[in-house]
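To start, the structure under review is shown below, and the notes come after it.
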Amino acid sequence: MRLKDSLVSRRQFLSRLFAGWLSGLAALLAYPLVRFLGPAEEPEPAFVLLPAPDYLAIAPNSTKIFPWGHKMGIFMKASDQTLRVFKGVCTHMDCNVTYRPELHRFHCACHDGWYDEEGKNIAGPPPRPLERLDFRVKGDKLIVYSPGATLPPEMEA
Amino acid sequence: MNRIREWLAERFDLEGMLRILRSKTVPHHRYSFVYLSGGILIFLLAIQVITGTLLLVHYRPGEDTAFESVVRLTTQVPMGAYLRSIHSWGANLMVFFLFSHLFSVLFYRAYRPPRELTWVGGFLLLVLTLAFGFSGYLLPWNQLALAATKVGTDAPRALGPPGLWVSLLLRGGEDITGVTLGRFFALHVWGIPLLFFPLLALHLFLVQLQGMALPPRIERERNYEYLPFFPNYLYRDLVVWLVVLGILVSLGLLAPWPLGQKADPLAPTPEGIKPEWYFLFLFQTLKLFPGNILGISGETIALSIIFFFILVALFYPFLDRDQVRQRPVAGFILRLLPYLAFIYVTTMTLWGLLW
């Protein structure tokens, strides 16, 4: 039945109402399942604290690894004593890289990717340089933080 | 849609299969609401399978990890507490509707020939469902679960050496330890389902093959008509499922299933503990018997009687035959048995719940 000037018949109206209610119900039931299986929210840390003497004391042209959340972090002392901190994850496909002191390069074994000692991608498939992390030393703590992260006031230099 | 249908029809007899679905009918009479109980069970089973699979994602069996993983599940994982609550309440509703299903089949004598095997299969499915409940109850590894499992796995010992063997096999040793938890976990998620689903398939196949049973009086009075299953009865099923879903979600949210304290084998058993309500009638029966009757342990006698009645129930369709029904005493007892069983189970359960 359709009223004069009406765009839909009563049957159409009721079916659409029912379909809408049904999809609402389906969404309500599906939401908890999706949330339950959804990714656990574990973002990368804003900063990590490391014992500074252990890291600052490494030999030139060598690296020391630390946990950056669930990823690998690399603290590096270059041959000219410069300190750099990288996220040790290849920008190609997320493999962990290693430092090859004899070549002064980082190597990714997965697809033979190469970075120079400043983390710049120089050979193989990596599309971008290694990601850099910032650091500062405060007392006996080495604070490694993501660039642009705001640190708690007591950690400011 | 049409192209998919054509593609499938080219490969097998799609029309024939749809014809079977369309030609399926259900007798319609004033008691036909009892036909809904089986569908409710299927629906609840589906919910148990889905929620159980999801819980499995975060559950870690083991003495040192089980309780901790359930704590993490309920406190950290999004919607974890809700899904666990639904799984526990769903199990309870399933047992409740199973008993309704069983007694409606008993009262309307739907087990009569040619449906004896449907009854036997269904009764075994009930036993397996209770085994699901019993094994799942231990998995959170809390104090109540430990105590309940102790009592439950101790009971068979009263039946002599074979019972002792069963008890040791279930526990995986003298005591309930991580070893017990390991086998209960394996049973709950794989062992019991492995038996349950083929048996269920057989049960459903027989129901489809033989159609719905008619209550004897309706059959005598010829007071029924056949309605198509699709869509008439399917819609009724769906409406009832929706109501059951509403009850389940409300219970799950308004009465979250508790977790309690971590199991400690050295801690004293908490005061006034009781098994889950569906084991209460057995529990109360055991309490009725004194410790010693004429030099035999009361527990042994009680369990032998329980075991005897389980066998009577399992083979009831073969006892309820016309030759037996026509005998004055045996026939009378036989007719009375389902009602006595119902009264006994409900009063014992209520007694256990209220006192």
Side-chain angles (χ1 to χ4, degrees), chain A residues 1-2 7-50 66-73 87 89 93-96 133 143-146 149-152 155, chain B residues 1 40 42-60 68-90 93 231 234-257:
Chain A
M1 194 196 93
R2 187 197 286 242
L7 291 173
V8 290
S9 69
R10 185 154 63 185
R11 166 59 62 101
Q12 271 173 332
F13 175 75
L14 287 173
S15 335
R16 281 175 203 178
L17 200 65
F18 182 66
W21 171 82
L22 214 57
S23 17
L25 183 74
L28 268 179
L29 292 177
Y31 174 75
L33 308 189
V34 174
R35 280 287 281 142
F36 184 83
L37 284 178
E41 279 161 30
E42 283 178 82
E44 279 186 29
F47 62 89
V48 294
L49 293 180
L50 303 166
F66 63 90
W68 173 253
H70 291 293
K71 290 194 166 78
M72 182 174 114
K87 216 187 277 180
V89 176
M93 293 190 91
D94 268 5
C95 294
N96 286 353
L133 296 169
I143 307 167
V144 176
Y145 56 101
S146 24
T150 38
L151 294 179
M155 287 183 197
Chain B
M1 208 52 185
I40 292 173
I42 298 282
F43 177 63
L44 285 171
L45 178 69
I47 292 181
Q48 290 309 96
V49 171
I50 295 169
T51 51
T53 308
L54 289 171
L55 292 177
L56 202 50
V57 171
H58 284 280
Y59 179 73
R60 302 275 173 275
E68 287 75 4
S69 71
V70 181
V71 167
R72 209 184 90 80
L73 176 90
T74 42
T75 55
Q76 312 270 303
V77 177
M79 299 290 160
Y82 165 74
L83 287 179
R84 179 173 114 84
S85 198
I86 293 286
H87 194 70
S88 305
W89 276 112
L93 285 187
L234 185 64
Y235 281 156
R236 288 170 154 236
D237 272 326
L238 290 176
V239 169
V240 175
W241 292 1
L242 199 60
V243 173
V244 171
L245 182 69
I247 294 171
L248 177 59
V249 172
S250 310
L251 283 170
L253 289 175
L254 300 178
W257 201 263

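So that the names make sense, note that chain A is the first sequence line, chain B the second, and so on, each numbered from 1.
Nearest heavy-atom pair, A/Phe36 versus B/Gly80, reported as atom, atom and distance to 0.1 Å: CE1-CA, 3.7 Å. Nearest heavy-atom pair, B/Met79 versus A/Tyr31, reported as atom, atom and distance to 0.1 Å: CE-CE2, 3.4 Å.
For a heavy-atom cut-off of 4.5 Å, chain A lies close to B/Ile50, B/Leu54, B/Leu55, B/Val57 in residues 43-57 of chain B. Identified by a heavy-atom distance below 4.5 Å to chain B, the contributing residues of residues 8-22 of chain A are A/Trp21, in residue-number order.
Of the atoms belonging to B/Ile86, not a single heavy atom falls under 4.5 Å from chain A.
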